[in-house]
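Worksheet: one structure, shown below.
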Amino acid sequence: MSATDKTALTHPLTHSIAPDRAPLDFAGYQSVGGYTGLKKVLAGIAPTEVQAQVKEANLRGRGGAGFPTGVKWSFVPMGEDAPPLKYIVCNADEMEPGTFKDRLLMEAAPHQLVEGMIVSGYAIGASTGYIFLRGEYVLAARHLRAAIAEAREAGYIGNNIGGSGWDFDLHVHTGAGRYICGEETALLNSLEGRRANPRAKPPFPQVAGLWGRPTVVNNVETICNVPHIIAHGADWFRGLSQGKSEDGGTKLYGVSGKVKHPGVWELPIGSSGREILELAGGMKDGYQLKAWLPGGASTDFLLPEHLDVPMDYGSIGKAGSRLGTGLMTVLDDQASLLGTLVNLEIFFARESCGWCTPCRDGLPWTVKILQALESGEGEPGDIEMLESMTSDLWMGKTFCAHAPGAMEPLQSAIKFFRPEFEAGIRAAGRSDHGRGDSDVRAA
Amino acid sequence: MSTADTNVVKLADLPKPQDFRLSETEREDILHEISQYPEARAASIEALKIAQRRLGWVPDAAIAEVATLLGVSTAELDGVATFYNLIYRQPVGRHVITICDSVACYLTGYEATRDALIETLGIQPGQTTADGRFTLLPICCLGACDHGPVLMIGEDTHLDVTPDTVPAMLEAYE
Ligand code: SF4
Ligand code: FES
């Protein structure tokens, strides 16, 4: 597909992105329809009406969990009795291994996120917005700050925006790296200048979030969709999925791993893994597809036979995984399955925030067993132990979803590839030299 | 470059300044950051990054000074400093190389690139070259998985790095 085939009506998120990713400035963004959504809002749509349109559009959160955005917003206290200070926070801490979509949106279309933040802030009556950006995204920080300065100059950030009587400020807050910062409540702790340990829920952030005030946290791609919904309407947005899904909109999909042309594309939500793989030119010569993670390290593996499942929240869920961030990571037939799992679990062990014991101690233990199996030094009972881990580190038994996320690729790998685990168990009769203390933190 | 032990320096053995003081500009920058938030503590990470600018890492004396500016205890601020990947509490080289070791880069061969770095620099991950030029560290997914293996040198992101491209890439960093 060439860039010229894209229009604001078919590819709302990426139509303004040039092939070289050079971002448009304020005037350039306006010339391709930018700030139309915001202007419409300021011309007299009430905040709760903006919420209603987003709800109507069936926009589900694009950060991984897929919660309906309009519903999330509707928990924020509104009206005369609402607290005077409320916050809108953009989760731009993209760090899920295998995920590379928000970087594109922020580097190449910074004004789109800025407009989205202003409209979303308006919808919940926020006084301030923060874009919580991972520290490594240096270019995105520069482009976003420039876009914010231009929007401020144009009167879209500041006091009495567009004569609406509404004041709104917007900041880029850069982090310093830890995967757990992407967890909604850990992100709030980090933004407040604390260690990024998750907080207990309830209270939910929409009621008591940043500095105890009502706060909404939304992913970059989610927020970028909002101005388009307002500009073109909820029906148009729902229709973008072209009947491929009950969910609304397009989705940024992509592939990494041993494929011919890895990359990211905007497609109707509900497009299939096969369509995405075809855009990537298929597997590299000499490699076969063995399994794939549909949306990042914390999703269950699927098999080649699942390639025709629509990539939306419900269908991928029924197939036994999660859509996650929608960026496929393909496992080829020449990669080591156990090696890949060791890699995934080292990541989760290293990035555990350390708050609760099952996760802090359980993940390094998982790594140790997997490393033993990988080197053919596993012991009878290891697979059963890993299986019990997948239930002991599951939802409700750890403080947040980090450890359960770590168990998703593991449980699916045991389900689909058990013989490879069995092959890692030391043959009976060989001497037992013990496992030693390998350092799971070493890469 | 050889991989002889003489080329390796332990971070902990590098000299640490006892008399570090924030400069006037650094203090002002930190106070400016504090003014951006309803609570001073929220500027912790930005303040630590400012304190880190001069040496590339944050010495004890800076932790104490920044903690006072933020109105938190030294222990609390150190708890924050040690929690995050990009704040260094030990001396590092002039250029920190962070190489992505997450799944997509694993599947596209980051280990060969890492080994080429180990070979060329003569250090292991976590170590600094004796001339203080480079420190090598692993990092999580850098969000450019379609161009793995990926690494950063300072603020520069390098895509599609292979063992062959390693030596020329390093030359640009004095
Ligand atoms: S599950 Fe892991 S990341 Fe989540 S709170 Fe517990 S220790 Fe922290
Ligand atoms: S896995 Fe290396 S950049 Fe994403």
Side-chain angles (χ1 to χ4, degrees), chain A residues 85 94-104 128 134-139 171 173-179 181 190-197 210-211 254-258 261-264 280 293 296-297 327 329-332 335 339-340 343-344 346-347 350-351 353-354 409 442-443, chain B residues 33-34 36-49 52 70-72 76-77 79-88 98-111 114 124-126 136-148 150 152 154-157 160:
Chain A
L85 292 178
E94 183 168 68
M95 223 171 172
E96 172 87 3
T99 299
F100 47 101
K101 62 182 181 73
D102 295 341
R103 181 199 267 267
L104 170 72
T128 309
R134 72 179 289 190
E136 291 91 338
Y137 280 13
V138 182
L139 195 61
H171 303 279
H173 175 103
T174 62
R178 273 312 280 269
Y179 174 67
C181 292
S190 187
L191 189 41
E192 288 182 7
R194 302 167 199 276
R195 292 168 80 98
N197 299 119
L210 205 51
W211 299 293
V255 198
S256 62
K258 287 257 170 28
H261 311 294
V264 53
L293 298 164
L327 284 288
T329 310
V330 303
L331 179 74
D332 57 271
T340 305
N343 176 278
L344 288 165
I346 285 177
F347 161 77
R350 189 170 75 192
E351 292 301 315
C353 87
Chain B
E33 284 304 326
I34 290 174
Q36 301 294 298
Y37 297 94
E39 275 183 21
R41 180 199 289 264
S44 293
I45 287 173
E46 235 11 82
L48 287 165
K49 286 188 191 167
Q52 180 163 281
L70 294 167
V72 301
E76 264 179 299
L77 187 64
V80 170
T82 52
F83 189 87
Y84 295 101
N85 298 334
L86 302 181
I87 305 295
Y88 306 122
T98 42
I99 176 162
C100 168
D101 62 359
S102 292
V103 65
C105 289
Y106 169 81
L107 289 166
T108 49
Y110 101 90
E111 288 170 316
R114 179 202 57 198
Q124 293 293 322
L136 179 60
L137 297 171
I139 202 156
C140 305
C141 179
L142 287 167
C145 326
D146 49 344
H147 287 286
V150 181
M152 289 184 82
E155 296 199 335
D156 308 335
T157 305
D160 303 303

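In what follows, every heavy atom counts, from backbone to side chain, and hydrogens, waters and symmetry copies are set aside. Because the structure is predicted, anything quoted here is derived from the model rather than measured. Throughout, a chain's letter reflects where its sequence line sits, starting with A, and its residues are numbered from 1.
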Portion of [X] that has a non-hydrogen atom of chain A nearer than 4.5 angstrom:
X      : value
B:I99  : neither
B:I45  : side chain
B:T98  : neither
B:E33  : neither
B:E155 : both

#### Entry: Criterion salt bridge (Lys or Arg N to Asp or Glu O under 4.0 Å) on A:K101 and A:E94, from CA distance to verdict
CA-CA 8 Å; A:K101 62 182 181 73; A:E94 183 168 68; 5.2 Å; no
Contacting region of [X] [heavy-atom separation from chain B under 4.5 Å]:
X      : value
A:T99  : backbone
A:C181 : side chain
A:E351 : side chain
A:S190 : both
A:A196 : both
A:E192 : backbone
A:F347 : side chain
A:R194 : both

Mind ranking [options] by heavy-atom pairs under 4.5 Å with chain A and telling me who comes out on top?
options                        : answer
B:S102, B:G143, B:G109, B:A144 : B:G143
B:A47, B:S44, B:C145           : B:C145
B:T157, B:D156, B:I139         : B:I139
B:E46, B:Q36, B:K49            : B:K49

Checking the side chain of [X] only, and the main-chain atoms of [Y] only, is there a donor and an acceptor separated by less than 3.5 Å?
X      : Y      : answer
B:R41  : B:I34  : no
A:K258 : B:L107 : yes
A:R178 : B:F83  : yes
B:Q52  : B:L86  : yes

Grab the two heavy atoms, one from [X] and one from [Y], that are nearest each other, plus how far apart they are.
X      : Y      : answer
B:P138 : B:P125 : CD-CB, 4.5 Å
A:H173 : B:A42  : CE1-O, 3.6 Å
A:T340 : B:V103 : CG2-CG2, 3.8 Å
B:T82  : B:G79  : OG1-O, 3.4 Å
B:D160 : B:G148 : OD1-O, 3.9 Å

Count the heavy-atom pairs under 4.5 Å between each of [options] and chain B, then report the option with the highest count.
options                       : value
A:A280, A:G354, A:P262        : A:P262
A:H261, A:E96, A:R134         : A:R134
A:G135, A:A297, A:G254, A:G98 : A:G98

### Query
Should the pair A:R350-B:D101 be classified as a salt bridge under the 4.0 Å nitrogen-to-oxygen rule?
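A salt bridge is present here (some side-chain N lies under 4.0 Å from a carboxylate O).
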### Check: A:F100 ring centroid to B:H147 ring centroid under 6.0 Å
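No - the distance between ring centres of A:F100 and B:H147 does not fall below the 6.0 Å cut-off.
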